[in-house]
Protein chains: 2
Amino acid sequence: MSITISPPLKIKAAEPAGRPAKVSFKAQMLAAREDAIVQAVNRLLAEKGFDLMTVDEVAADVGIAKASLYKHFPSKEDLAAAAMVRVVALAQAFLTSLPVDAQPLQQLKSLVRWMLELQLAGEMPSLPHQNSSLRTTLMNNKAYLDGLMRISDQIGDWIERAQKDGSLSVSIPPLLVLYTLYSRACDPVVEFLRASGLHSDDEIVELVIGTCFDGLHAR
Amino acid sequence: MSITISPPLKIKAAEPAGRPAKVSFKAQMLAAREDAIVQAVNRLLAEKGFDLMTVDEVAADVGIAKASLYKHFPSKEDLAAAAMVRVVALAQAFLTSLPVDAQPLQQLKSLVRWMLELQLAGEMPSLPHQNSSLRTTLMNNKAYLDGLMRISDQIGDWIERAQKDGSLSVSIPPLLVLYTLYSRACDPVVEFLRASGLHSDDEIVELVIGTCFDGLHAR
DNA sequence: GTCTATATCGCGATAGAC
DNA sequence: GTCTATCGCGATATAGAC
């Protein structure tokens, strides 16, 4: 029922008069509206998951009619795909914000920490891995695939360097490392631990990072 | 469309004549039918997940009418709950089949191996953790809760003993260990690795066990 | 208990006026 | 592009004969 627009609109701030300004203003409105939609979808995906999220809820949350949603996105699957594109873009922005001279293992831990915090903040969308129509839409989304490939390349680079400098086990295939890190984005241990009420969010993050990199076995 | 009955029926094998035998036979028929239903549900839950599994499919798979299903189980949620009760019972049977004198860490690894193999065999039902009606049904199912508590107690005992004998890290809360082990039952890494086609099922099992207990960090 | 046939309904998607 | 109102479909669940 609430309309969230981010970043806040600056109406015709430093724009020259005439048609170009008007077009840009319209484009800003459109982009802001679509961004509000995608943010609502992202939150609902994190809260209820794809199957339980209804398009009616999304429309009500954004504050527009359901038919208007379908003018922006042709299907529910495309709504979810847009949310995933946004998350991948956020991940990419986070990765590029990391110090380039840090040790590769620390980069990987920072990524996992970021994903766990996103999950704890209720902003990590959860999709079913078995919905074929959703998979088809995602696999046909060039923006999503490109973004996913770019961050995977970056992470893969860190994995190889971490294995070379001896901080990461060389007996684990790099692909397995990548998948293991990605899986932390939907690790049910996070919500289980939170439901237990025994640990703060920060403790949960550090505990899960510990089990991920150090394992359960005693050193 | 196929009716699977297990174990195979032995019709009136060593039964005395009279009413008791007849009642027992009927009860066997009923139990066998319900077991066939639960097995079909288990396979469909593993294949498509709860949301994508339809009651029509279950009925068609067992070879009976949908209305007949509802004579055995009052709702789709109860169907899934029955499958979970079965899996928990299988897990308990597996745990009691383990050698009692083995080291506790090996017991835990054996459990994870069993869960991973069940997943690779397509027999690990996958439920959404966010479906509230399903959660309600499960939390009201005494057989499920009792079975889950019994195996959790057994596992918790091994965890404490493994921490005492120095094979498991004492800096990890036992509850986190338990959750981390349980999470291997729905670890998406398994299907990702299988989809990559780079490893055999046995290799996948050992690789995931390795990342779970030894972590990614080099020793 | 099993069947056929049907009730009921939630949800994705659309028509058509403005 | 946005709205109100509605369609169409599939899914859970049930009625009633046998």
Side-chain angles (χ1 to χ4, degrees), chain A residues 1 3 5 9 22-38 40-41 44-45 48-83 127-128 130-134 136-137, chain B residues 1 3 5 9 22-38 40-41 44-45 48-83 127-128 130-134 136-137:
Chain A
M1 209 61 85
I3 302 180
I5 297 178
L9 277 179
K22 246 191 158 180
V23 170
S24 174
F25 174 72
K26 278 188 180 174
Q28 273 194 20
M29 283 291 295
L30 189 76
R33 169 62 56 90
E34 292 201 346
D35 200 59
I37 294 173
V38 175
V41 169
L44 286 171
L45 280 181
K48 326 181 66 172
F50 180 80
D51 291 310
L52 270 68
M53 178 189 81
T54 69
V55 181
D56 294 77
E57 283 174 324
V58 178
D61 202 81
V62 181
I64 64 178
K66 180 167 55 169
S68 304
L69 264 187
Y70 280 93
K71 298 288 184 178
H72 292 272
F73 301 92
S75 75
K76 182 185 179 183
E77 282 77 14
D78 288 277
L79 278 174
L127 307 182
Q130 292 161 323
N131 186 329
S132 58
S133 69
L134 182 57
T136 302
T137 301
Chain B
M1 209 62 87
I3 303 181
I5 297 178
L9 277 178
K22 246 191 160 180
V23 171
S24 175
F25 173 73
K26 276 188 182 177
Q28 273 194 19
M29 284 290 294
L30 189 75
R33 169 63 55 91
E34 292 201 345
D35 200 58
I37 294 173
V38 174
V41 169
L44 287 171
L45 281 182
K48 323 182 69 171
F50 179 79
D51 291 309
L52 270 67
M53 178 190 82
T54 69
V55 180
D56 294 78
E57 284 173 325
V58 177
D61 202 81
V62 181
I64 63 177
K66 180 167 54 171
S68 304
L69 264 188
Y70 280 93
K71 298 286 183 179
H72 292 272
F73 300 93
S75 74
K76 182 186 179 183
E77 282 75 15
D78 288 277
L79 278 174
L127 307 183
Q130 291 160 326
N131 188 326
S132 58
S133 70
L134 183 56
T136 303
T137 301

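Letters A, B, ... mirror the listed sequences (proteins, then strands); counts begin at 1.
If you take NZ of A:Lys76 and C1' of D:dG10, they are 14 Å apart, rounded to a whole angstrom. One can place CG of B:Asp51 at 12 Å from P of C:dC11, the figure rounded to the nearest angstrom. Look at CE on A:Met29: it is 11 Å from C1' on D:dG1, rounded to the nearest Å. Atom pair B:His72:NE2 and D:dT12:C1' shows a separation of 18 Å (rounding to whole Å applied). Here C:dC3 presents its P atom at 6 Å from CD1 of B:Ile64, a figure rounded to the nearest Å. At whole-Å resolution of the value, CG in A:Asp78 and P in C:dG12 are 14 Å apart. One can place CG of A:Leu52 at 14 Å from P of C:dG10, the figure rounded to the nearest angstrom. One atom, NZ of A:Lys66, and another, P of C:dG12, lie 7 Å apart when rounded to the nearest Å.
Between B:Tyr70 and the phosphate of D:dT14, there is no side-chain N or O to OP1/OP2 separation shorter than 4.0 Å. For C:dC3, the OP1/OP2 oxygens have a side-chain nitrogen or oxygen of B:Ser68 closer than 4.0 Å. Contact annotation: A:Arg33 does not reach the phosphate of D:dG1 (side-chain N/O to OP1 or OP2, under 4.0 Å). Dashed line: the shortest gap from a side-chain N or O of B:Lys71 to OP1 or OP2 of C:dG1 is not under 4.0 Å.
Checking each of B:Val55, B:Asp78, B:Val58 against B:Val41 for a side-chain contact (heavy atoms from CB on, under 4.5 Å) leaves exactly one that passes, namely B:Val58.
Expressed to the nearest 0.5 Å, how far CG of B:Asp35 lies from CD of B:Gln28 amounts to 12.0 Å.
You'll find the side chain of A:Asp51 stays beyond 4.5 Å of the side chain of B:Pro128, heavy atoms only. Between B:Leu45 and B:Leu79 the shortest side-chain heavy-atom distance does not fall below 4.5 Å.
Residue contacts for B:Thr54: at a heavy-atom cut-off of 4.0 Å it reaches the sugar-phosphate backbone alone, with no base atom in range.
Closest contact between the side chain of A:Asp56 and the listed nucleotides C:dC11, D:dT2, D:dT14 involves C:dC11.
Where B:Ala67 and A:Ser75 meet DNA chain C, the nucleotide closest to each residue was compared, and B:Ala67 sits on the side nearer the 5' end.
Without hydrogens or angle criteria, A:Lys76 side chain to A:Leu134 main chain gives no donor-acceptor distance under 3.5 Å.
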